[in-house]
Amino acid sequence: MKKIIALLLALAMCVGLAACNNSTGNESQAPASQPGTTESEAGNDPATDGEKPSVGFVTFMTSGEFFQSLADTYVTTMEAEGWDAYYVDGQTNPSVQMEAAENYIAMGVDVLAIWSISPESMTTVIEEAMAQGIKVIAFVAQTEVYDAVMLSDDAVLAANLAKLAAQWIDTTYADAEDHSVPVAVYTCRAANTGVIQGDVLLQIEDYSTKAKLVKEVECADESATTGQTTAENLYVTNPEIKVFLTAHNGLAQGINNYFTSMNSPVTDYSDMGIFCINGDTATAEAIQASKDGGSPLRGTVLTGSVQDTANELRDVIIGLYDGTIESGHVQNATTLFVNADTVDEYLETGKTSLTAEDFE
Amino acid sequence: MEKLSVHKPEAKAGKKSFGKIFSDLSMPILLVILLIVFSILSKNFFSPTNLVNILMQNAHAAVCACGIMMIMVSGGCDLSIGYQMSVSAVLVTKLLSEGVVSVPVAIILAIALCMVLGAFNGVMGMLLKSHTMIVTLATMSIFQGISYLISNSRVFSGMPDSYLFLGQGRVFGVIPVNVLIMLIIVVIVAIIMGKTSIGRKIYAAGDNPEAARLAGLNVKKIKILVFTFAGLLVGIAAILMSARAGSADSGTSGPGIEFDGITAGVLAGVALKGGEGTLWKVIVAVYALGVLSNGMQLIGLGTYPQYIAKGLIMLLSLYMSNRNAQSM
């Protein structure tokens, strides 16, 4: 009886896994924590088919809609160009990233893109790749050596968020005294990006004539749960705070969850705003709801839409491969500004008409 | 709720030394100390709003800790609970946000799935003849994969109000629903563990599995049952958590909670080897940790000093709970 139960349970697990896996479609798009395994199972080993050019992408991580969607979109975009495209979940772990890059070198990919967590730790493996004729793209994080680098300046992105928030604050509180609108900045200093962007957001008074920085709320992680809990606690001590700025989408969603919950002490969000960096679809939907007073989440800035980013990556990959882009190429990412005015456009097209120049 | 008297000969005799009483009550004492200290340091700490916040913020953790305590008492350890919660939370929120099924059906599915995952842990532990800590280290990875396959790294929100009511609603506008559910579950688990034969069997199976087997108990069956029941509690915890948050995702809806639960269990004196542990102490430990976390934010302690303070206070509570053992 026990064996039968065990078999049934194991079978149920396998069926469940298979059912889940079918829903993701192309197997080569599935997160592969062990490089090479998933690809070889899919029968797309570039070392054996030899026909198509191939590219490997070592991602920052795939936890989170933005990261997963970027990886998936990059694969479909490159495959549409006739390439074999692979990616590996970097798991925000430099060791995992190094192993993945080494495996791609062993596979003999033509181009290697790396979104490095710790750029300085990747130098040796990148030099090894370049020595074997593989073109290397440093994506977002600039490594010591590279053939091309696609930059997204963390500080610039945070400054753009500060500008977006400042515009809303100064418009909403046009009649308020200077530096009288209470602002809290939620930071998570677990990674360098969070430190850089948090420090910029703490300068909100330099961007807004009405904003007054009241508190920095340091969070141990950037999850929605932490955002919600800390927002509940903050309201106990600082109920006067009207604006919440954070570099982290999860924290922003947690704060928004609290203020839109049944227990929310606030029901009129007209004078309240939450702003974050790299919001996802749920964030955009909350911003959309803010137009009708359904949410205090007012805006987010992103480094281009997922498709735009994948297209830019595609152009650099192909350019390096066919020689139209020379070694040492530097490409800077643009910023998308999503607020009440542009959210419909963003959800429909993945683009916005607002640019950094509009805030100068 | 007292465990088998075989572990407490002095209790059986009705005599307790001051050291023993102090050791037994270490968690309530610590909780009271924390409440007093934070009330002094922050004028807002002892407000009704904040106290309700603390109760609500930790309700799902308390339910989860009930399951963890049962597993630990039975001599097991489940590291996969965080991702069990994650699987359940993303499943229920995905089904509800996409309007695939009704709220009751989604809840039943989520709880049933967690029970299957829990039973799977128990059965694998039995079949592989390995300690469940190692087995659940492996199943944690499986559950992580399942969770991400279900969610595809998406955040699910937009659940019906009837679902959100479970995590955010209040009975008569006062009593938080999730706290009420937590209390009901704690009472049920306390009765099972303290007043029923199955509870005594769980303690016996954890204390000395071989002796329990020779006494005629089916230890393997008991352990599978415990993991399955813990799965039920984890499923309920996942529902309370996602209903409170109004959203769920694979990475943050659950993972990490297993360590909070195990920490609370150890602080409350639940033996890692099994056979010992008292539920009310575990619940007090969960709330002591919750008060600590809440209080440190209210007094404006930075993240890193919070880590240090939390570690020091945990060491202090371990000293308090083991003080009697040291003196013996």
Side-chain angles (χ1 to χ4, degrees), chain A residues 2-3 5-6 9-10 12-13 16-17 19-21 23-24 30-31 61-69 72 187-190 215 217-226 228-230 232-237 249-250 253-254 256-258 260-265 280-283 285-286, chain B residues 42-45 47 49-50 52-54 56-57 113 116-117 119-120 123-124 126-127 141-142 145-146 148-158 161 164-165 167-170 176 220-221 224 241 244-253 256 293-294 297-300 302-304 306-307:
Chain A
K2 278 180 234 160
K3 285 180 182 171
I5 292 170
L9 282 169
M13 294 284 291
L17 274 171
C20 292
N21 206 18
S23 67
T24 61
M61 62 177 177
T62 55
S63 302
E65 186 187 355
F66 174 78
F67 296 101
Q68 182 66 61
S69 180
D72 291 340
T187 58
C188 175
R189 297 177 177 276
K215 195 155 192 167
V217 180
E218 273 189 60
C219 299
D221 59 63
E222 44 190 277
S223 69
T225 310
T226 299
Q228 181 173 8
T229 305
T230 49
E232 285 169 350
N233 296 344
L234 182 66
Y235 195 82
V236 172
T237 54
N249 180 48
Q253 288 192 350
N256 193 56
N257 286 346
Y258 171 55
T260 54
S261 72
M262 290 175 184
N263 296 309
S264 172
D280 55 18
T281 308
T283 309
E285 286 167 355
Chain B
S42 168
K43 62 180 170 57
N44 299 301
F45 177 80
S47 64
T49 306
N50 192 50
V52 171
N53 273 353
I54 293 169
M56 292 185 73
Q57 286 167 3
L113 179 61
V116 170
L117 299 180
F120 183 75
V123 171
M124 285 299 125
M126 181 191 73
L127 287 179
S141 180
I142 296 173
I146 293 173
Y148 277 105
L149 283 170
I150 293 171
S151 73
N152 202 25
S153 293
R154 277 193 61 199
V155 179
F156 298 105
S157 57
D161 284 350
L164 298 177
F165 185 77
Q168 303 174 6
R170 297 192 184 207
K220 289 174 181 173
K221 188 177 166 185
I224 292 171
M241 180 187 61
R244 194 179 87 84
S247 67
D249 66 281
S250 293
T252 62
S253 299
S293 179
N294 172 277
Q297 188 192 334
L298 261 62
I299 63 172
T303 307
Y304 304 133
Q306 279 189 35
Y307 290 150

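Chain letters run A, B, ... following the sequence lines, proteins first, then strands; residues in each count from 1. Treat the numbers as computed from the prediction; the structure is a model and nothing was measured.
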Donor-acceptor side-chain pairing of A:N233 and B:Q297 below 3.5 angstrom: yes
Considering non-hydrogen atoms only, spot the tightest contact between B:S247 and A:N257 and give its length. OG-ND2, 3.1 Å
Could you check which of A:S69, A:P265, A:S223 has the highest count of heavy-atom pairs closer than 4.5 Å to chain B? A:S223
With a 4.5 angstrom heavy-atom cut-off, is it the side chain or the backbone of B:N294 that approaches chain A, or both, or neither? both
Looking only at A:E285, A:E232, A:E218, the option with the highest number of non-hydrogen pairs under 4.5 Å against chain B is A:E232
Using a cut-off of under 4.5 Å on heavy-atom pairs, state which of A:T226, A:N256, A:T237 scores highest against chain B. A:T237
Under a 4.5 Å heavy-atom cutoff, which of A:L234, A:T230, A:V217 has the most pairs with chain B? A:T230
Whether A:Q68 side chain and B:Y148 backbone form a donor-acceptor pair below 3.5 Å: no
Non-hydrogen atoms of chain A under 4.5 Å away: do they reach the side chain of B:Y307, the backbone, both or neither? side chain
What part of B:S250 gets closer than 4.5 Å to chain A, counting heavy atoms only: side chain, backbone, both or neither? neither
Check A:Q228 against B:R244 and note the closest heavy-atom contact, atom names and distance. NE2-O, 3.0 Å
Relative to chain A, which of B:L298, B:L113, B:T49, B:V52 shows the most heavy atom pairs under 4.5 Å? B:L298
Please classify the contact of A:T281 with chain B as side chain, backbone, both or neither, using a heavy-atom distance under 4.5 Å. neither
Examine whether an atom of A:C188 lies under 4.5 Å from a heavy atom of chain B, and if so say whether it belongs to the side chain, the backbone or both; otherwise answer neither. neither
Atom OG1 in B:T252, atom CD in A:E222: separation rounded to 0.5 Å? 10.0 Å
Heavy-atom pairs under 4.5 Å with chain A are the metric here; pick the option from B:M241, B:R170, B:K221, B:Q306 that has the most. B:R170
Considering all heavy atoms of both residues, which atom of A:Q253 and which atom of B:V155 are nearest to each other, and what is their separation? OE1-CG1, 3.6 Å
Could you check if a side-chain atom of B:D249 sits within less than 4.5 angstrom of a side-chain atom of A:E65, using non-hydrogen atoms only? no
